[in-house]
Protein chains: 2
Amino acid sequence: MSVDMLLYASTYVNMFFVACRPNDPVQLLAGPLSEGDANELAGILKVLADPVRLRLVSIVASSATGEACACDFTAPLDRSQPTISHHLGQLVTAGILEREQRGKWAWFRLNDQSLDAVHRALGRPNCC
Amino acid sequence: MSVDMLLYASTYVNMFFVACRPNDPVQLLAGPLSEGDANELAGILKVLADPVRLRLVSIVASSATGEACACDFTAPLDRSQPTISHHLGQLVTAGILEREQRGKWAWFRLNDQSLDAVHRALGRPNCC
DNA sequence: CTGTCATATTGATGTCTGTCGATATGTTGC
DNA sequence: GCAACATATCGACAGACATCAATATGACAG
């Protein structure tokens, strides 16, 4: 990913967070999306729209402690260590996962706010 | 899009519909996703993860009659007619929109079941 | 049947993305 | 400091994707 692309992506991710505060949610079904809103929502959906990243999120979310070590992902997902690291980086940049370094190991947990915002963006206005 | 890719995509879209019947929903947060479930969910999320397609869906969903004519999309979205047609085709293939030919015009409406399934897949198990 | 209009398909192109091997960075224990 | 280990970054590559111009398809009017 180029530097320009990274800046582009993080810009929209940040805008998405701002726009998803309770009183100003981006809502797919509430009205025609502006170009900006569509870019924000598409940006975070693109990060989710990958089988490996979805499995990473699901593994973290369903772990007993709510967190998982990077070392636990390589084997079940059948991808190289750089590839897993790349996907984890995408998820962290998008705000879907949070990374915490603990000694040699990197631990990841879900950012509930971020995923809830995406969830609500795809639902009806009066939904949860 | 190649024929192989189309077959690939439609396979996963169909599997997603099957998997999203009420008693067997794909749930991102309910447990580790299998490779198949992850492919299904990623497939339909990929279709949604484009600004133009999100705006198409939002325009259709928020129209007073619940449907919109293809001719209404080109101007506000600032894309060529073939590009709009391409995106509409993707949304129809994925089951998110339904197409109805009425004379010279093509009308599109939302498939509520499809979008609801994606919405629920990203939510908590006890959510709506 | 023919022209006109709306939409779909084709073909081409530049860009983006997932992947991996190689290597760098950073942490721990000795 | 040094060796061992976990993770991140770099560089490269193949495949996928969004886009448009040109063209084809299909429907209606006269």
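Protein chains get the first letters and strands the later ones, always in sequence-line order, with residue 1 at the start of each.
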Enquirer: Atom CG of A:Asp50 to atom P of D:dC17: distance rounded to whole Å?
Expert: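 Distance check: A:Asp50 CG to D:dC17 P gives 12 Å.
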Enquirer: Answer yes or no: does a side-chain N or O of B:Thr83 lie under 4.0 Å from OP1 or OP2 of D:dT19?
Expert: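 False: B:Thr83 side-chain N/O out of range (4.0 Å or more) of D:dT19 OP1/OP2.
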Enquirer: To the nearest Å, give me how far apart CH2 (A:Trp105) and P (D:dA4) are.
Expert: 16 Å
Enquirer: Is there a continuous path of hydrophobic side-chain contacts, each under 4.5 Å between heavy atoms, that joins B:Trp107 to B:Phe73?
Expert: no
Enquirer: So, does A:Arg79 get its side chain near the phosphate of C:dC20, meaning an N or O under 4.0 Å from OP1 or OP2?
Expert: no
Enquirer: Under 4.0 Å, heavy atoms only, any strand: does A:Arg102 hit a base, just the sugar-phosphate, or nothing?
Expert: nothing
Enquirer: Would you mind telling me which of C:dT7, D:dA22, C:dC20 lies closest to the side-chain atoms of A:Pro82?
Expert: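 Side chain of A:Pro82 sits closest to C:dC20.
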Enquirer: How many angstroms lie between CZ in A:Arg53 and CG in A:Leu97, if you round to the nearest 0.5 Å?
Expert: 11.0 Å
Enquirer: Rounded to the nearest 0.5 Å, how far does CD1 of A:Ile96 lie from CD1 of A:Ile44?
Expert: 4.5 Å
Enquirer: For B:Trp107 and A:Lys104, find the nucleotide of DNA chain C closest to each by heavy atoms; which residue's nucleotide sits nearer the 5' end?
Expert: B:Trp107
Enquirer: Over how many whole Å does the gap from B:Glu35 atom CD to C:dG18 atom C1' extend?
Expert: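 Going from B:Glu35 (CD) to C:dG18 (C1'), I get 14 Å.
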Enquirer: Pick the closest DNA chain C nucleotide for A:His87 and for B:Gln101 by heavy atoms, then say which residue is nearer the 5' end.
Expert: B:Gln101
Enquirer: From CZ of A:Arg55 over to C1' of C:dG18, roughly how many Å is that when rounded to an integer?
Expert: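 It is 16 Å, rounded to the nearest whole Å.
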Enquirer: Nearest-Å distance, CG (B:Leu91) to P (C:dT7)?
Expert: 16 Å
Enquirer: Are A:Leu88 and A:Ile84 close enough, and set up right, to give a side chain to side chain contact (heavy atoms under 4.5 Å, CB included), and what steps lead you there?
Expert: CA-CA 6 Å; A:Leu88 287 170; A:Ile84 297 293; 3.8 Å; yes
Enquirer: Counting side-chain heavy atoms from C-beta on, which of C:dC20, C:dT19, D:dT7 comes nearest to A:Ser80?
Expert: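 For the A:Ser80 side chain, the nearest candidate turns out to be C:dC20.
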Enquirer: Scan A:Gln81 against the nucleic acid and name what it touches under 4.0 Å (heavy atoms): base, sugar-phosphate only, or nothing.
Expert: base
Enquirer: Expressed as a whole number of angstroms, how long is the span from B:Leu77:CG to D:dC20:C1'?
Expert: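 In whole Å, D:dC20 C1' and B:Leu77 CG are 16 Å from each other.
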Enquirer: Do any side-chain atoms of residues 25-33 of chain B form donor-acceptor pairs under 3.5 angstrom with protein atoms, and if so which ones, sequence neighbours left out?
Expert:
none

Enquirer: Mind calculating the distance between NZ (A:Lys46) and C1' (C:dG18) to the nearest angstrom?
Expert: 14 Å
Enquirer: In whole Å, I'd like the distance from the NE2 atom of B:His86 to the C1' atom of C:dA12.
Expert: 14 Å
